[in-house]
Amino acid sequence: AKQIKGVSLPLGNITEHQLKIMCQTQWAGGIAGVMIYFSDKNRIFFVSGIVVERLTIEMNFKKGKKSISISDCEKLGSEIFIKGNFADWLKVLV
């Protein structure tokens, strides 16, 4: 889980170790990714590890984006709806 003020999460905030564990988990058939909380917007998204890996590869080898924006999350991820102080994250994972 990552929390960010503003409208994008720098990919550098996801460590190489975290990315490796996410990818290994997904390759083994598990569910892995990053929950990103945009505190200024009070919105949470789940972005799968495979998407994060692809964006990181593009950033490092193809001079791609250096962050994951809210619009990227809307297109490539799943929004986790917030009800009061409760984030209903389980519905996104099943």
Side-chain angles (χ1 to χ4, degrees):
K2 301 289 183 180
Q3 179 176 333
I4 192 78
K5 287 187 177 186
V7 294
S8 64
L9 172 72
L11 286 168
N13 287 9
I14 300 169
T15 67
E16 184 178 336
H17 171 75
Q18 290 170 327
L19 184 60
K20 180 179 177 182
I21 295 298
M22 278 191 283
C23 292
Q24 287 175 340
T25 301
Q26 287 204 282
W27 293 331
I31 298 170
V34 179
M35 284 196 307
I36 305 170
Y37 176 53
F38 295 94
S39 59
D40 292 347
K41 305 290 184 189
N42 196 35
R43 294 178 75 187
I44 303 173
F45 293 88
F46 176 78
V47 180
S48 74
I50 299 300
V51 170
V52 175
E53 178 189 33
R54 180 176 56 84
L55 291 172
T56 302
I57 289 170
E58 288 175 6
M59 176 187 75
N60 289 331
F61 299 105
K62 298 180 182 177
K63 306 293 185 210
K65 292 182 175 189
K66 298 192 181 323
S67 63
I68 302 172
S69 67
I70 285 182
S71 63
D72 292 332
C73 290
E74 290 170 341
K75 290 181 230 167
L76 304 171
S78 301
E79 186 159 8
I80 298 169
F81 294 100
I82 301 170
K83 298 173 186 171
N85 291 330
F86 178 72
D88 198 6
W89 57 268
L90 188 57
K91 286 183 180 178
V92 171
L93 300 181
V94 290

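The two residues Met35 and Phe46 have their closest heavy-atom pair at CG-CD1, 4.0 Å. Between Gly49 and Cys23 the shortest heavy-atom distance is O-SG, 4.3 Å. Closest of all the heavy-atom pairs between Ile44 and Ala87 is CD1-CB, 3.7 Å.
Between Lys20 and Glu53, no side-chain nitrogen of the basic residue sits less than 4.0 Å from a carboxylate oxygen of the acidic one, so the salt-bridge criterion is not met. For Glu79 and Arg43, the salt-bridge test passes: some basic side-chain N is under 4.0 Å from an acidic carboxylate O.
Phe86 is not connected to Ile80 by any chain of hydrophobic side-chain contacts under 4.5 Å among Ile, Leu, Val, Met, Phe, Trp and Tyr, and they are in different clusters.
Hydrophobic side-chain contacts under 4.5 Å tie Ile50 into a cluster, directly or through other members, with Trp27. Within the hydrophobic cluster formed by Ile, Leu, Val, Met, Phe, Trp and Tyr side chains joined at under 4.5 Å, directly or through other members, Val52 is accompanied by Ile4, Val7, Leu9, Leu11, Ile14, Leu19, Met22, Val34, Ile36, Phe38, Phe45, Val47, Val51, Leu55, Met59, Ile68, Ile70, Leu76.
Within the model, atoms NZ of Lys66 and OG1 of Thr56 stand 11.5 Å from one another, a figure rounded to the nearest 0.5 Å. Put simply, OG on Ser39 and CD on Gln3 are 4.5 Å apart, with the number rounded to the nearest 0.5 Å.
With sequence neighbours left out, the salt bridge (charged side-chain N to carboxylate O under 4.0 Å, His left out) criterion links Asp40 to no other residue.
Looking at Gln26 and Ser48, their side chains come closer than 4.5 Å, going by heavy atoms from C-beta outward. Inter-residue side-chain proximity for Trp89 and Ile82 is flagged as unmet; no heavy-atom pair is nearer than 4.5 Å.
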